[in-house]
Asks: 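Here it is, the structure in full.
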Amino acid sequence: MSETTPASGAAEAATEPFRYSAALAAEIESRWQDIWEKEGTFNAPNPAGDLADPAAGDVTAKPHSFIMDMFPYPSGAGLHVGHPLGYIATDVFARYQRMTGHNVLHTLGYDAFGLPAEQYAVQTGTHPRVSTDANIANMRQQLRRLGLGHDPRRSISTIDPEYYRWTQWIFLQIFNSWYDAAAGKARPIAELIAQFESGERATPDGRAWAELSGAERDELLGEYRLAYAKEVPVNWCPGLGTVLANEEVTADGRSERGNFPVFKSNLRQWMMRITAYSDRLIADLDLLDWPEAIKLQQRNWIGRSEGARVDFAVGDAEKITVFTTRPDTLFGATYMVLAPEHGLVDSIVPAAWPEGVPAEWTGGAATPAEAVAGYRAAAAAKSDVERQVEAKVKTGVFTGAYAVNPVSGASVPVFIADYVLMGYGTGAIMAVPAHDHRDFAFARAFALPMRCVVEPTDGRGEDPAAWDDAFDTYDSVIVNSSRGEGSSDGSAVDGLTLDGLSVVDAKARVTAWLAERGIGEGTVNYRLRDWLFSRQRYWGEPFPIVYDEDGVMHALPESMLPVEVPEVDDYSPHTYDPYDSASSPKTPLSRNEDWVNVELDLGDGVRKYRRETNTMPNWAGSCWYELRYIDPSNGSRVVDPANERYWLGPTENKPAGGADLYVGGAEHAVLHLLYARFWHKVLHDLGHVSSVEPFHKLFNQGMITADVYRDERGFPVPAAEVEERDGKYFWEGEPVKREAGKMGKSLKNAIAPDAIADEYGADTLRLYEMSMGPLDVSRPWDTRAVVGSYRFLQRLWRNIVSEATGELVVTDEQPDEATLRALHKAIDGIRGDMAGLRFNTAVAKAIELNNHLVKRGSTPRAVAEQLVLMVAPLAPHIAEELWRRLGHGDSLAHADYPVADPAYVVDEAVTCVVQIKGKVKARLEVAPTISDAELEALALADPAVVAAIGDAPVRKVIARAPKLVNIVTG
RNA sequence: GCCCCGAUAGCCCAAUUGGCAGUAGGCAAUGGUCUCAAACACCAUACAGUGUGGGUUCGAAUCCCACUCGGGGCACCA
C-alpha cells in the first residue's frame, strides 16, 4: 500500500528536492544557530574587564548601541506568538545596527523572583528554584529557535545569588543615604550623622546626638533614609497574603494580580522615599525619547500640583492647616473638612453641641465626641471597594468646632468626612462649594452656605442657590473678594482686594498677602506616595538587615552579601480568606528559626541578632538589570565605571544617557519604569553611574490579539476547533460568538511559535510578525496569512538557487538600469525604515524588489548579494545560507549593510499631474530636476490642458515641481 | 466624569512633512497554467474614495471644530 500512495511531502521532495520547504528551513536554521553559538557571533566586547576582547581593538572608538527588551518572567505556560514580537523587533534592529558599524549589546535575562514564579511553584508542588530554572531552560529553548542574536554571556537571572547580592548591595546604598533637599541629591547617611554629631544640625528635641539611645537614633535617621521601615497605612491583601504597593492596586481597590480585595491596615513595613525625587522624575522626562502617552502617565501618577498652605485658627490655641490649589477662592471658603483620622480632630471637639446646630449635622449623636467616634468607626469598617461604590453620596459629621476664615473673618464650621483623604496634602481642606464639585455636593447634602467668588461666564448668575453644580473654570475673574481698606494694589494694612483679578493673578496676590502675615505660603504637593518595598513572600530577595537584642537595626556589611534565600519546609505564603480584613501578614522566612537567629560579629564582637524576614518585591531585580547586562560577571563592583560610561553614559544625542533602545509593553508605564528611574538616580547621586536615566529611547510594541470564541454561557471555547460556515461560527455544532481579545491560555486561543516554526520555519514567523503592521499598534493574528511571508522566502530562494539541482542560478550579467533603480530605491527606503523601526514597510520594499527580479526572469549576482544583505536582519538564517552559497566564507552578521547610490534613487523621469481646479486633466513625463517655471510653461502648452481650459481665464497657477501643476480658472 | 490614542478595500496594512488614494506589500476572492486528479507553486483579474457632519485651502486620508465607535490611563488628590 505504501508503495502506491507516497506521502505528498516525499513526492514534492522528489520533484523539487531543493525547494525552500519547512524541512529545509529547519535544517538551515538549526545549523546556523549552532554556528552563531559556537563562534560567539553576537558577543559584544566591553571596554574593560573580563568581557573585554583585545582582538577587537579599541571598542570605545566604535559607536555603541545598547538594545533592550523588557525583562520577562519565565512563565510556566510556555510562549505564544504574541510574546516574541518585541524580541524579534529588537533583534532585527540589533542586526541592522551591527551591519552599520555599531558595537551592539543585546541580550535577554530573566526576572525570576516574585509572585508569578512562586504561585506556579506552589501550584505544581515543586520548589520555586527548581520550577523557575526549568521554565528558564524551556523559554531559552523556545527563543533560541527564533534565531535571536543575543550575547549569551550576559543573560543574567535575578535569582542567581551572584546577581541578587548586588540587588542587596544597592538596597544598602539606598538605606545608607538621605536626600539633601538643599543640594538636590542623595548623600551618604554618614554625612548626616556627622552633622548631628557636630551639632551643625539639631536633633528634634535639642538633645545632643550622643545622648540619644540606639533606638532613638534609629528612629531619627529613619526620617531621613531613602529606605526606611515605618508603621504606615498600607494595602493589605489577605487573599495573596502580602502587602502591595499603590501601583499594584487597581482603582476599584483590588490587587492587580489575582483581583483580590485590598484593605488599609497600619503595619510596620519597608518604604522607599521615591517622593524625594518627584520633581526630578518629572523634569528629566523632557530629556527622554519616550512616547508622549507614557510621559503623560508618569506625570499624572506623580501628580505635581502647585498651590498654597493656609492656616485657619480654631479657638485661641489651635489652627488647621489646609492645602489648596485655589487660594484665589479663599473668600468663598464657607466650611472646612478634616479627614476622619486627622490628628487634630480630638483636640478641637467641644464637650457639647453649640446652640442651633441643625439635626442633620450631628449624625443623631448626643455629643460631638460621640458623633466623631461613630463616624470614624463606620468609615474604618468600609473597604476601599465600598468607599468607591458609595463615593457619589457625600457623608460626614460636624465636629462641633468653628474655625476663622483668615481673609473674610467668617466663622466656618469644621466637619470630618471621608471624601478628604489623610494621605494627600495636609489631610484637611477649606471647602469652596461654589467652585468645587465635591464641596458643592457636600454643601447641598448638609445645607451649608455658598459664596460665589469667581464670576460665572456661562450666564448662570452669581447666586449659587440657583445652580445645579459648582462653577470651576480658571478662565474668569474674581468677584466678592475684598476685606478692609482694600486698595487696588493690596498695600493697605490688612486690606486685600482680589476683585477683578484673573485667577492666576489672584493666586499670586493672596499667597503673598498670607505669607506676609505668616499664615500661609505657596507650596507644591504630589500625588505620588513613598514606595512600599516589603512583601511577605518566600521567593524574593531577603533584606540585608538584622536586629540586635535591643531591637536596634543594623545593615549587614558588604562582605556578608549575598544573604541567600534560606531553605524552609514550607515556602507557600500565609494566605487568608480574601475578605478577612482583620488578618495580618506573616512572613514565610520566619518559619526557619535557624536562619532567623544568627550570631554575627558586626564590629563589636560576636552577638546575637534576628534577621529581617520580609522579602523585596519582584520589582527590585528589574530596577537595575540594565547595569548588570553591561558587566554581568564583575565580582568586585556592581558595574565597572568604564563599561557603564561606554554603554550608558550621556552623549550629545542622549543628554541623560541610558540604553539606546528599550522595547516593551505599555503596561509598565508607571511601575517598573518609575522605580527603575528612581534607583538609577540614587546610584547617579552616589557616584556609581555616570548616566542620569536608565533608558533613553522607549518604544511600546502593540499586542498581538486573536479571535476569541465564546459559547452561549460566555465561556471561551478552543479557537482552533471552531468552524466557519457562511460567516457564522460553530464549535461542536453549537453556534459561538467571535470577538477580539488578548492571546492566551485562559481565552483558549494561544498559538505557539513552535507550531508556526514547524510548519514554515522561524524565518517565516519572524517575517510575518514584522510585516503584520506598525510595531506600536495591536493587530490580530491570522494564521492563514503566514503563508504570504513563506512564499516570499521561497521566491527569494528560487531567484538565487535552483529548486531542481540546488545550483546557484544567479547570473554574471550587469544589471540593467531599471533593476538598478529598483535596487537602490529599495536600499534607500529599507535603510530608512530599519532605522525608524518601520519593519512592515521594510519587508514590503524587499518583496517589491524580489518581485521585480521574478518578473525580470533572472537575477544578476550583484543584485542578489545586496538583496540577501538587506533581508538578513529580518530573516537571518536563510540570508546566511544564501550568502554562503554565493561564495562568502564568513557570517554576514558583521557585513556592511548596502548603501544606496543617489544617482539611482531618483527616477529618470517622473509623472507630473496637471490639475484644473483640482481635477486631473493631463499627465506629463518630466525630469525630476525641472523648475516650477519650466513646469508651468510646459503644462500651459500641453494640448489637453489648452483644450480643457478653453475660453476660461486663468486666474492662478500653482506649480509644485516636479509632481504637480494646478490651474485655477475663473 | 476627566485626560490621552486611534478609525483607509472582505481582512491586516501603504501613501517622502496638505499635492494622482494602492506598479507599497500580504491574506482572502475570482479566472487561468501545471497535474489523471488534488495539494504546493506560478500567472492574471477585480475590489474602497479614507467613521459621520461642518470648516480652512487652488487642493484635505493628512490641518481645525463637533459627534459616533473602539482602545488605554486616572478617578472624592483639594
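Every chain is numbered from 1 and lettered A, B, ... according to where its sequence line falls, protein lines coming before strand lines. Excluded from the calculations below are hydrogen atoms, water molecules and symmetry mates; all remaining heavy atoms, backbone and side chain alike, are included. Keep in mind that this is a model prediction, so the values were computed, not measured.
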Asks: Between Ser305(A) and Asn525(A), is any side-chain donor less than 3.5 angstrom from a side-chain acceptor?
Replies: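 Side-chain D/A pair, Ser305(A) to Asn525(A): absent.
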Asks: Base, sugar-phosphate, or nothing for Asn851(A), non-hydrogen atoms under 4.0 angstrom?
Replies: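 If one applies the 4.0 Å heavy-atom cut-off, Asn851(A) turns out to touch the sugar-phosphate alone, with no base involved.
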Asks: Nearest 0.5 Å please: distance from the CZ atom of Arg309(A) over to the OG1 atom of Thr324(A).
Replies: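 Spacing of CZ (Arg309(A)) from OG1 (Thr324(A)) equals 12.5 Å.
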Asks: Check every atom of A14(B), A75(B), C20(B) against the side chain of Arg527(A) and return the nucleotide holding the closest atom.
Replies: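 Of the candidates, A75(B) comes closest.
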Asks: Can the ring centres of Tyr768(A) and Tyr790(A) be said to be less than 6.0 Å apart?
Replies: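 Distance test on ring centres: not under 6.0 Å, no.
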Asks: Does the ring centre of Trp301(A) sit less than 6.0 Å away from the ring centre of Tyr526(A)?
Replies: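 For Tyr526(A) and Trp301(A), the ring centres are not under 6.0 Å apart.
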Asks: Please report the distance separating the P of A41(B) from the corresponding atom of G10(B), rounded so that it comes out in whole Å.
Replies: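 Those two atoms are separated by 25 Å.
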Asks: Name the closest nucleotide to the Pro774(A) side chain, picking from C58(B), A14(B), A78(B).
Replies: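 Per side-chain heavy atoms of Pro774(A), the pick is A14(B).
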Asks: Pick base, sugar-phosphate or nothing for Arg795(A), based on heavy-atom distances below 4.0 Å to the nucleic acid.
Replies: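 Sugar-phosphate, backbone atoms only, no base.
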Asks: Counting only side-chain heavy atoms from C-beta out, which of C40(B), C3(B), C20(B) sits nearest to Val913(A)?
Replies: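 Selected nucleotide: C20(B).
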Asks: Taking the same atom, C1', in G73(B) and in U30(B), what whole-Å distance lies between them?
Replies: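 Roughly 46 Å separates the two C1' atoms.
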Asks: NA contact type, Ala785(A), heavy-atom cut-off 4.0 Å: base, sugar-phosphate, or nothing?
Replies: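 Since only primed, P, OP1 and OP2 atoms lie under 4.0 Å of Ala785(A), the category is sugar-phosphate.
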Asks: What nucleotide among C58(B), A78(B), C74(B) has an atom nearest to a side-chain atom of Asn966(A)?
Replies: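 Output: C58(B).
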Asks: At 4.0 Å (heavy atoms only), tell me whether Ser778(A) reaches a base, stays on the sugar-phosphate, or touches nothing.
Replies: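 Touches sugar-phosphate only.
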Asks: Rounding to an integer number of Å, can you tell me how far Glu769(A) CD sits from G26(B) P?
Replies: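 Going from CD in Glu769(A) over to P in G26(B) covers 19 Å.
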Asks: Should Leu514(A) and Leu330(A) count as side-chain neighbours, where that means a heavy-atom distance under 4.5 Å?
Replies: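 Yes, side chains in contact.
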Asks: Give me the distance, rounded to whole Å, that separates U68(B) from A75(B) when you measure between the C1' atoms they each carry.
Replies: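 The answer is 24 Å between these two C1' atoms.
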Asks: Using a cut-off of 4.0 Å on non-hydrogen atoms, how would the nucleic acid contact of Arg779(A) be classed: base, sugar-phosphate, or nothing?
Replies: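 Result for Arg779(A) = sugar-phosphate.
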Asks: Does C69(B) pair with anything, Watson-Crick or G-U wobble, both distances under 3.5 Å, and if so, with which nucleotide?
Replies: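 Base-paired to G6(B).
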Asks: For Val854(A), answer base if it contacts any base atom (sugar-phosphate contacts may also be present), sugar-phosphate if it contacts only those atoms, and nothing otherwise; contact means non-hydrogen atoms under 4.0 Å.
Replies: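 Counting heavy atoms under 4.0 Å across all strands, the contact made by Val854(A) is with sugar-phosphate only.
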Asks: Taking the C1' atom of each, how far is C13(B) from G25(B), in whole Å?
Replies: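 Roughly 8 Å separates the two C1' atoms.
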Asks: With rounding to whole Å, what would you report as the distance between C5(B) and U50(B) at their P atoms?
Replies: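 After rounding to an integer number of Å, I get 23 Å for this pair.
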Asks: So what does Ile847(A) touch, heavy atoms closer than 4.0 Å: a base, only the sugar-phosphate, or nothing?
Replies: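 Answer is sugar-phosphate: Ile847(A) comes under 4.0 Å of backbone atoms only.
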Asks: With both distances under 3.5 Å as the test, what is the Watson-Crick or G-U wobble partner of G1(B)?
Replies: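 Per the H-bond distance test, C74(B).
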Asks: Under 4.0 Å between any heavy atoms, over every strand shown, what does Arg955(A) touch: base, sugar-phosphate, or nothing? Just pick one.
Replies: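 Contact class for Arg955(A): none.
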Asks: State whether the number of non-hydrogen atoms from other residues, nucleotides or ligands found under 6.0 Å of Tyr904(A) atom OH is greater than 12.
Replies: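 No, because the 6.0 Å sphere around OH of Tyr904(A) holds 12 heavy atoms or fewer from other groups.
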Asks: Between G70(B) and U52(B), how far is it from one C1' atom to the other, in whole Å?
Replies: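 Nearest-Å result for G70(B) against U52(B) at atom C1': 15 Å.
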Asks: Looking for any heavy atom pair under 4.0 Å, which part of the strands does Glu292(A) touch: base, sugar-phosphate only, or nothing?
Replies: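 Glu292(A): no heavy atom of the nucleic acid under 4.0 Å.
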